[in-house]
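Structure, as C-alpha coordinates:
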Amino acid sequence: METLLVRAGMEKDNTTGAISTPIYQSATFQHPELGESTGYDYSRTANPTRTALEEAIASLEGGTKGFAFSSGMAAITTVLFLFKPGDHLVVSEDLYGGTYRLLTQVFHEFGITASFVDTSCIENVEAAICSETKALLIETPTNPLMKITDLRRIADVAKTHDLLLIVDNTFMTPYLQQPLALGADITLHSATKYLGGHNDTVAGLVAVREEELGERIGLLQNACGSILGPQDSWLILRGIKTLAIRLEKQQQNALALARWLQKHPEVEAVHYPGLPEHSGHHLAGKQASGFGAMLSFSVRNPQLVPHLLKNVKIITFAESLGGVESLITFPARQTHADIPEEAREQLGITDRLLRLSVGIENIDDLLTDLEEALRC
Ligand code: PLP
(Lines give C-alpha, C1' and ligand atoms only; values in the text may rest on other atoms or scores of the structure.)
Protein backbone atom coordinates (compact mmCIF):
# COMPACT_ATOMS: atom_id res chain seq x y z
CA MET A 1 0.00 0.00 0.00
CA GLU A 2 2.80 2.47 0.85
CA THR A 3 4.34 1.79 -2.55
CA LEU A 4 1.04 2.16 -4.38
CA LEU A 5 0.47 5.49 -2.64
CA VAL A 6 3.86 6.92 -3.53
CA ARG A 7 3.57 5.81 -7.14
CA ALA A 8 0.05 7.21 -7.60
CA GLY A 9 -0.19 8.82 -11.01
CA MET A 10 3.34 7.96 -12.14
CA GLU A 11 4.34 6.56 -15.53
CA LYS A 12 1.70 8.62 -17.29
CA ASP A 13 3.94 10.66 -19.58
CA ASN A 14 5.61 8.43 -22.14
CA THR A 15 6.77 11.42 -24.19
CA THR A 16 9.08 13.01 -21.61
CA GLY A 17 9.16 10.51 -18.75
CA ALA A 18 8.11 13.21 -16.27
CA ILE A 19 7.99 11.78 -12.75
CA SER A 20 5.22 14.13 -11.68
CA THR A 21 1.99 13.69 -13.65
CA PRO A 22 1.75 16.66 -16.05
CA ILE A 23 -1.15 19.05 -15.55
CA TYR A 24 -3.05 18.86 -18.84
CA GLN A 25 -4.64 22.30 -18.70
CA SER A 26 -6.68 21.78 -21.84
CA ALA A 27 -10.45 21.88 -22.24
CA THR A 28 -10.39 20.09 -25.57
CA PHE A 29 -8.13 17.78 -27.62
CA GLN A 30 -7.37 17.60 -31.33
CA HIS A 31 -8.87 14.65 -33.24
CA PRO A 32 -6.25 12.80 -35.35
CA GLU A 33 -8.86 12.45 -38.10
CA LEU A 34 -12.58 11.90 -38.57
CA GLY A 35 -13.79 9.06 -36.35
CA GLU A 36 -10.48 8.86 -34.46
CA SER A 37 -9.61 9.93 -30.95
CA THR A 38 -6.51 9.94 -28.75
CA GLY A 39 -8.82 8.75 -25.96
CA TYR A 40 -9.28 12.37 -24.94
CA ASP A 41 -11.82 14.59 -26.68
CA TYR A 42 -13.15 17.06 -24.14
CA SER A 43 -12.08 17.48 -20.49
CA ARG A 44 -15.51 17.07 -18.88
CA THR A 45 -15.58 13.56 -20.34
CA ALA A 46 -11.91 12.74 -19.65
CA ASN A 47 -8.69 14.61 -18.90
CA PRO A 48 -5.31 12.83 -18.60
CA THR A 49 -4.43 14.37 -15.19
CA ARG A 50 -7.84 13.44 -13.83
CA THR A 51 -7.52 9.96 -15.36
CA ALA A 52 -4.26 9.46 -13.44
CA LEU A 53 -6.05 10.33 -10.19
CA GLU A 54 -9.09 8.19 -11.07
CA GLU A 55 -6.88 5.21 -11.81
CA ALA A 56 -5.02 5.81 -8.55
CA ILE A 57 -8.16 5.79 -6.38
CA ALA A 58 -9.52 2.70 -8.18
CA SER A 59 -6.30 0.82 -7.52
CA LEU A 60 -5.95 2.01 -3.89
CA GLU A 61 -9.53 1.00 -3.07
CA GLY A 62 -9.25 -2.28 -5.00
CA GLY A 63 -12.02 -1.20 -7.41
CA THR A 64 -12.50 -1.55 -11.14
CA LYS A 65 -13.12 2.15 -11.81
CA GLY A 66 -12.49 5.49 -10.10
CA PHE A 67 -14.00 8.96 -10.55
CA ALA A 68 -12.91 12.42 -9.45
CA PHE A 69 -15.37 15.22 -8.64
CA SER A 70 -15.22 18.90 -7.76
CA SER A 71 -16.00 18.18 -4.07
CA GLY A 72 -16.99 15.37 -1.75
CA MET A 73 -20.59 16.58 -1.97
CA ALA A 74 -20.44 16.50 -5.79
CA ALA A 75 -19.26 12.87 -5.52
CA ILE A 76 -22.13 11.96 -3.17
CA THR A 77 -24.68 13.86 -5.30
CA THR A 78 -23.60 12.01 -8.43
CA VAL A 79 -23.81 8.64 -6.64
CA LEU A 80 -27.30 9.52 -5.38
CA PHE A 81 -28.40 10.14 -8.99
CA LEU A 82 -28.31 6.35 -9.32
CA PHE A 83 -31.70 6.39 -7.56
CA LYS A 84 -35.12 7.41 -8.79
CA PRO A 85 -38.29 8.84 -7.20
CA GLY A 86 -39.80 6.35 -4.75
CA ASP A 87 -36.45 4.84 -3.78
CA HIS A 88 -35.40 4.72 -0.13
CA LEU A 89 -32.00 4.55 1.57
CA VAL A 90 -30.96 3.48 5.07
CA VAL A 91 -28.28 5.88 6.28
CA SER A 92 -25.95 6.19 9.32
CA GLU A 93 -27.59 8.60 11.72
CA ASP A 94 -24.58 10.64 12.78
CA LEU A 95 -22.92 11.09 9.43
CA TYR A 96 -21.52 14.29 7.92
CA GLY A 97 -24.14 17.06 8.27
CA GLY A 98 -23.78 18.03 4.60
CA THR A 99 -24.86 14.52 3.52
CA TYR A 100 -27.83 14.73 5.89
CA ARG A 101 -28.74 18.14 4.36
CA LEU A 102 -28.38 16.80 0.79
CA LEU A 103 -30.71 13.89 1.53
CA THR A 104 -33.32 15.76 3.61
CA GLN A 105 -33.41 19.09 1.78
CA VAL A 106 -32.54 18.21 -1.82
CA PHE A 107 -33.11 14.56 -2.75
CA HIS A 108 -36.21 14.39 -0.54
CA GLU A 109 -37.78 16.97 -2.90
CA PHE A 110 -37.24 14.52 -5.77
CA GLY A 111 -38.98 11.68 -3.93
CA ILE A 112 -35.85 9.88 -2.71
CA THR A 113 -36.21 9.27 1.01
CA ALA A 114 -33.86 8.18 3.77
CA SER A 115 -34.15 6.63 7.23
CA PHE A 116 -31.35 7.57 9.60
CA VAL A 117 -30.41 4.81 12.05
CA ASP A 118 -27.53 3.78 14.27
CA THR A 119 -25.86 1.45 11.75
CA SER A 120 -23.43 0.17 14.40
CA CYS A 121 -26.41 -1.98 15.44
CA ILE A 122 -27.19 -4.28 12.48
CA GLU A 123 -30.67 -5.05 13.86
CA ASN A 124 -31.54 -1.33 13.39
CA VAL A 125 -30.46 -1.53 9.78
CA GLU A 126 -32.58 -4.62 9.09
CA ALA A 127 -35.59 -3.07 10.81
CA ALA A 128 -35.35 0.07 8.64
CA ILE A 129 -35.25 -1.82 5.31
CA CYS A 130 -38.57 -1.72 3.41
CA SER A 131 -39.67 -2.80 -0.06
CA GLU A 132 -38.56 0.57 -1.54
CA THR A 133 -35.07 0.40 -0.03
CA LYS A 134 -32.36 0.37 -2.67
CA ALA A 135 -29.18 1.15 -0.75
CA LEU A 136 -27.36 1.47 2.56
CA LEU A 137 -25.18 4.57 2.93
CA ILE A 138 -22.81 4.52 5.86
CA GLU A 139 -19.81 6.14 7.48
CA THR A 140 -17.62 4.07 9.76
CA PRO A 141 -16.38 5.54 12.04
CA THR A 142 -19.30 7.95 12.14
CA ASN A 143 -18.92 11.68 12.27
CA PRO A 144 -18.52 13.01 14.97
CA LEU A 145 -19.26 10.24 17.48
CA MET A 146 -16.86 7.69 16.02
CA LYS A 147 -19.25 4.71 16.15
CA ILE A 148 -18.09 1.62 14.25
CA THR A 149 -20.30 -0.37 11.87
CA ASP A 150 -19.41 -3.98 11.08
CA LEU A 151 -18.61 -3.75 7.37
CA ARG A 152 -18.74 -7.51 6.72
CA ARG A 153 -22.09 -7.92 8.45
CA ILE A 154 -23.68 -4.91 6.80
CA ALA A 155 -22.39 -6.11 3.41
CA ASP A 156 -24.16 -9.43 4.08
CA VAL A 157 -27.39 -7.57 4.87
CA ALA A 158 -27.03 -5.58 1.63
CA LYS A 159 -26.49 -8.78 -0.35
CA THR A 160 -29.44 -10.58 1.23
CA HIS A 161 -31.80 -7.72 0.40
CA ASP A 162 -30.21 -6.93 -2.99
CA LEU A 163 -29.16 -3.42 -1.95
CA LEU A 164 -26.14 -1.31 -2.88
CA LEU A 165 -23.72 -0.72 -0.02
CA ILE A 166 -22.13 2.74 -0.23
CA VAL A 167 -19.37 3.60 2.26
CA ASP A 168 -18.06 7.11 2.87
CA ASN A 169 -14.43 6.20 3.63
CA THR A 170 -13.24 9.78 4.18
CA PHE A 171 -12.17 9.31 7.83
CA MET A 172 -10.15 6.14 7.23
CA THR A 173 -8.87 6.34 3.62
CA PRO A 174 -7.88 3.20 1.70
CA TYR A 175 -4.60 3.18 3.64
CA LEU A 176 -6.48 2.05 6.76
CA GLN A 177 -9.75 0.56 5.49
CA GLN A 178 -10.85 -0.95 2.19
CA PRO A 179 -14.63 -1.33 2.16
CA LEU A 180 -14.82 -2.84 -1.36
CA ALA A 181 -12.77 -5.84 -0.22
CA LEU A 182 -15.24 -6.34 2.65
CA GLY A 183 -18.27 -6.37 0.34
CA ALA A 184 -19.21 -2.73 -0.33
CA ASP A 185 -20.22 -1.73 -3.87
CA ILE A 186 -19.17 1.91 -3.81
CA THR A 187 -16.68 3.75 -1.66
CA LEU A 188 -16.40 7.52 -1.71
CA HIS A 189 -14.36 10.32 -0.24
CA SER A 190 -14.14 13.93 0.50
CA ALA A 191 -10.59 14.00 -0.92
CA THR A 192 -10.42 17.50 0.57
CA LYS A 193 -9.47 15.67 3.76
CA TYR A 194 -6.74 13.01 4.22
CA LEU A 195 -6.13 12.23 0.55
CA GLY A 196 -5.33 15.86 -0.27
CA GLY A 197 -3.94 16.23 3.21
CA HIS A 198 -2.91 19.90 3.22
CA ASN A 199 -6.17 21.84 3.60
CA ASP A 200 -5.60 23.45 0.21
CA THR A 201 -7.95 21.68 -2.25
CA VAL A 202 -11.64 20.72 -2.33
CA ALA A 203 -12.24 17.42 -4.16
CA GLY A 204 -14.30 14.21 -4.13
CA LEU A 205 -13.47 10.66 -5.21
CA VAL A 206 -15.49 7.52 -5.89
CA ALA A 207 -14.38 3.92 -6.52
CA VAL A 208 -16.64 1.01 -7.51
CA ARG A 209 -16.28 -2.77 -7.34
CA GLU A 210 -18.28 -3.81 -10.43
CA GLU A 211 -17.58 -2.59 -13.95
CA GLU A 212 -21.27 -2.20 -14.79
CA LEU A 213 -21.81 0.16 -11.86
CA GLY A 214 -18.70 2.01 -12.99
CA GLU A 215 -20.26 2.55 -16.39
CA ARG A 216 -23.42 3.99 -14.83
CA ILE A 217 -21.42 6.38 -12.63
CA GLY A 218 -19.21 7.31 -15.59
CA LEU A 219 -22.32 8.28 -17.54
CA LEU A 220 -23.61 10.34 -14.60
CA GLN A 221 -20.23 12.05 -14.12
CA ASN A 222 -20.13 13.12 -17.76
CA ALA A 223 -23.85 14.01 -17.89
CA CYS A 224 -23.93 16.02 -14.65
CA GLY A 225 -20.47 17.47 -15.15
CA SER A 226 -19.20 18.20 -11.63
CA ILE A 227 -15.70 16.99 -12.47
CA LEU A 228 -12.38 17.84 -10.79
CA GLY A 229 -10.12 20.19 -12.78
CA PRO A 230 -6.58 19.19 -13.81
CA GLN A 231 -4.75 21.46 -11.31
CA ASP A 232 -6.77 20.13 -8.39
CA SER A 233 -6.40 16.55 -9.64
CA TRP A 234 -2.64 17.08 -9.54
CA LEU A 235 -2.78 18.47 -5.98
CA ILE A 236 -4.73 15.42 -4.76
CA LEU A 237 -2.28 13.08 -6.54
CA ARG A 238 0.60 14.85 -4.82
CA GLY A 239 -1.16 14.61 -1.45
CA ILE A 240 -1.79 10.87 -1.85
CA LYS A 241 1.95 10.18 -2.14
CA THR A 242 2.58 11.05 1.52
CA LEU A 243 -0.67 9.65 2.95
CA ALA A 244 0.98 6.72 4.75
CA ILE A 245 3.56 8.71 6.71
CA ARG A 246 1.12 11.50 7.47
CA LEU A 247 -1.53 9.13 8.80
CA GLU A 248 0.94 7.12 10.89
CA LYS A 249 2.09 10.27 12.67
CA GLN A 250 -1.47 11.61 12.93
CA GLN A 251 -2.69 8.37 14.52
CA GLN A 252 0.18 8.37 16.99
CA ASN A 253 -0.67 11.94 18.01
CA ALA A 254 -4.41 11.15 18.17
CA LEU A 255 -3.91 8.25 20.57
CA ALA A 256 -1.68 10.35 22.84
CA LEU A 257 -4.22 13.20 22.86
CA ALA A 258 -7.15 10.80 23.50
CA ARG A 259 -5.35 9.24 26.49
CA TRP A 260 -4.47 12.66 27.88
CA LEU A 261 -8.03 14.00 27.43
CA GLN A 262 -9.45 10.92 29.20
CA LYS A 263 -7.63 11.96 32.37
CA HIS A 264 -8.51 15.65 32.24
CA PRO A 265 -10.95 16.69 35.01
CA GLU A 266 -12.92 19.03 32.68
CA VAL A 267 -13.48 16.26 30.11
CA GLU A 268 -16.53 14.03 30.51
CA ALA A 269 -16.07 11.57 27.61
CA VAL A 270 -13.59 10.85 24.81
CA HIS A 271 -14.68 9.11 21.59
CA TYR A 272 -11.68 7.53 19.85
CA PRO A 273 -11.81 3.95 18.48
CA GLY A 274 -8.13 3.49 19.33
CA LEU A 275 -8.94 3.54 23.05
CA PRO A 276 -9.55 0.01 24.41
CA GLU A 277 -12.62 1.37 26.29
CA HIS A 278 -14.29 2.47 23.02
CA SER A 279 -17.28 0.23 22.23
CA GLY A 280 -16.06 -0.37 18.65
CA HIS A 281 -12.36 -0.84 19.49
CA HIS A 282 -12.23 -4.58 18.82
CA LEU A 283 -14.29 -4.41 15.61
CA ALA A 284 -12.33 -1.42 14.28
CA GLY A 285 -9.11 -3.37 14.89
CA LYS A 286 -10.50 -6.31 12.89
CA GLN A 287 -11.74 -4.45 9.82
CA ALA A 288 -9.15 -1.67 9.54
CA SER A 289 -5.39 -1.53 9.92
CA GLY A 290 -5.51 1.55 12.19
CA PHE A 291 -7.88 3.76 14.14
CA GLY A 292 -7.43 7.02 12.25
CA ALA A 293 -6.76 10.46 13.63
CA MET A 294 -10.24 11.83 14.30
CA LEU A 295 -11.61 12.04 17.80
CA SER A 296 -14.33 13.87 19.65
CA PHE A 297 -14.75 14.71 23.31
CA SER A 298 -17.30 16.38 25.50
CA VAL A 299 -16.48 18.81 28.27
CA ARG A 300 -18.50 18.92 31.49
CA ASN A 301 -19.26 22.62 31.30
CA PRO A 302 -20.72 24.04 28.03
CA GLN A 303 -19.26 27.45 28.89
CA LEU A 304 -15.82 25.99 28.47
CA VAL A 305 -16.47 25.50 24.72
CA PRO A 306 -16.21 29.18 23.60
CA HIS A 307 -13.33 29.68 26.02
CA LEU A 308 -11.39 26.76 24.57
CA LEU A 309 -12.11 27.70 20.94
CA LYS A 310 -10.85 31.24 21.64
CA ASN A 311 -7.74 30.17 23.48
CA VAL A 312 -6.26 27.39 21.35
CA LYS A 313 -3.13 28.75 19.68
CA ILE A 314 -1.65 25.89 17.67
CA ILE A 315 -4.78 23.81 17.12
CA THR A 316 -6.86 25.94 14.76
CA PHE A 317 -10.58 26.56 15.23
CA ALA A 318 -11.74 25.76 11.70
CA GLU A 319 -14.04 23.37 9.83
CA SER A 320 -12.68 20.42 7.86
CA LEU A 321 -10.28 17.66 8.82
CA GLY A 322 -7.56 15.35 7.63
CA GLY A 323 -4.83 17.90 6.89
CA VAL A 324 -1.38 18.12 8.42
CA GLU A 325 -2.57 20.97 10.66
CA SER A 326 -4.63 20.06 13.75
CA LEU A 327 -8.12 21.56 13.62
CA ILE A 328 -10.86 21.77 16.22
CA THR A 329 -14.56 22.09 15.36
CA PHE A 330 -17.79 22.51 17.25
CA PRO A 331 -20.09 20.08 15.34
CA ALA A 332 -23.39 21.35 16.82
CA ARG A 333 -22.81 24.80 15.27
CA GLN A 334 -20.65 23.90 12.29
CA THR A 335 -20.54 20.57 10.46
CA HIS A 336 -23.85 19.30 11.89
CA ALA A 337 -25.81 22.57 12.21
CA ASP A 338 -28.37 21.35 9.65
CA ILE A 339 -29.51 18.47 11.87
CA PRO A 340 -32.51 19.68 13.95
CA GLU A 341 -31.50 20.48 17.56
CA GLU A 342 -33.66 17.78 19.14
CA ALA A 343 -32.27 15.07 16.85
CA ARG A 344 -28.74 16.34 17.46
CA GLU A 345 -29.15 16.19 21.24
CA GLN A 346 -30.58 12.67 20.97
CA LEU A 347 -27.57 11.58 18.92
CA GLY A 348 -25.16 13.05 21.45
CA ILE A 349 -24.02 15.95 19.24
CA THR A 350 -24.46 18.34 22.15
CA ASP A 351 -23.32 21.87 22.97
CA ARG A 352 -20.47 20.24 24.94
CA LEU A 353 -19.05 18.12 22.13
CA LEU A 354 -15.90 19.13 20.26
CA ARG A 355 -14.19 17.34 17.38
CA LEU A 356 -10.46 17.21 16.83
CA SER A 357 -8.71 16.43 13.58
CA VAL A 358 -5.23 15.64 14.76
CA GLY A 359 -2.32 16.80 12.63
CA ILE A 360 1.39 16.06 12.48
CA GLU A 361 2.67 18.75 14.87
CA ASN A 362 4.89 17.90 17.81
CA ILE A 363 2.73 16.09 20.38
CA ASP A 364 4.07 18.11 23.34
CA ASP A 365 3.05 21.34 21.62
CA LEU A 366 -0.45 19.96 21.01
CA LEU A 367 -0.82 18.80 24.62
CA THR A 368 0.43 22.12 26.02
CA ASP A 369 -1.94 23.98 23.73
CA LEU A 370 -4.97 21.98 24.91
CA GLU A 371 -3.90 22.15 28.54
CA GLU A 372 -3.65 25.95 28.44
CA ALA A 373 -6.91 26.37 26.49
CA LEU A 374 -8.80 24.10 28.91
CA ARG A 375 -7.64 26.16 31.89
CA CYS A 376 -10.54 28.32 33.07
N1 PLP B 1 -18.01 13.16 3.80
C2 PLP B 1 -17.43 13.46 4.97
C3 PLP B 1 -17.23 12.36 5.98
C4 PLP B 1 -17.05 14.77 5.26
O5 PLP B 1 -16.48 15.05 6.44
C6 PLP B 1 -17.26 15.78 4.29
C7 PLP B 1 -16.87 17.18 4.53
O8 PLP B 1 -16.51 17.58 5.61
C9 PLP B 1 -17.86 15.43 3.08
C10 PLP B 1 -18.22 14.12 2.86
C11 PLP B 1 -18.12 16.47 2.03
O12 PLP B 1 -16.92 16.76 1.35
P13 PLP B 1 -16.56 18.17 0.68
O14 PLP B 1 -16.49 19.18 1.77
O15 PLP B 1 -15.25 17.90 0.01
O16 PLP B 1 -17.65 18.49 -0.30
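As the structure lists them, so they are numbered: ligands from 1, and atoms in each ligand from 1.
- Protein heavy atom at the shortest distance from atom 4 (C) of ligand 1 is Tyr96 CG, 3.6 Å.
- When the shell of 6.0 Å around CD of Glu212 is examined, it contains 12 or fewer heavy atoms from other residues, nucleotides or ligands.
- When hydrogens are left out, the protein atom nearest atom 1 (N) of ligand 1 is Asp168 OD2, 2.7 Å; that is the closest non-hydrogen contact.
- The closest approach between a heavy atom of Ala75 and any atom of ligand 1 is not below 4.0 Å.
- Interface of Ala203 with ligand 1, defined as ligand atoms under 4.0 Å from a residue heavy atom, comprises 15 (O).
- Distances between N or O atoms of Ile76 and those of ligand 1 include no value under 3.5 Å.
- Atoms of ligand 1 lying under 4.0 Å from any heavy atom of Thr170, numbered from 1 in the order shown and given with element: 1 (N), 2 (C), 3 (C).
- Looking at Gly204, Gly322, Gly72 and measuring to atom 13 (P) of ligand 1, the nearest heavy atom belongs to Gly72.
- Atom CD of Gln303 sits in a sparse spot, with 12 or fewer heavy atoms from other residues, nucleotides or ligands closer than 6.0 Å.
- Distances between N or O atoms of Glu139 and those of ligand 1 include no value under 3.5 Å.
- Taking a 4.0 Å cut-off on heavy atoms, Leu321 registers as neighbouring ligand 1.
- With atom 14 (O) of ligand 1 as the reference point, the heavy atom nearest to it among Met172, Lys193, His189, Glu319 is part of Lys193.
- Distances below 4.0 Å separate heavy atoms of Asn143 from the following atoms of ligand 1: 5 (O).
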- request: Report the C-alpha separation of Lys65 and Glu211 in whole Å, then their side-chain angles, then the decisive distance to 0.1 Å, and conclude whether the salt bridge (charged side-chain N to carboxylate O under 4.0 Å, His left out) test is met.
  value: CA-CA 7 Å; Lys65 203 100 179 70; Glu211 268 174 39; over 6 Å; no

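- Residue Arg352 is tested with Glu268, Glu266, Glu345 for a salt bridge (charged side-chain N to carboxylate O under 4.0 Å, His left out); the sole match is Glu268.
- Taking the six-membered ring for Trp and the full ring otherwise, the centers of Phe29 and Tyr42 sit at least 6.0 Å from each other.
- Note that the CD1 atom of Ile236 and the NE2 atom of His189 stand 11.0 Å from one another [nearest 0.5 Å].
- If you take OH on Tyr96 and OG on Ser190, they are separated by 7.5 Å, rounding to the nearest 0.5 Å.
- No more than 12 heavy atoms of other residues, nucleotides or ligands shown are found within 6.0 angstrom of CD on Glu341.
- Here the heavy atom of the protein found nearest to atom 15 (O) of ligand 1 is Thr192 OG1, 2.6 Å.
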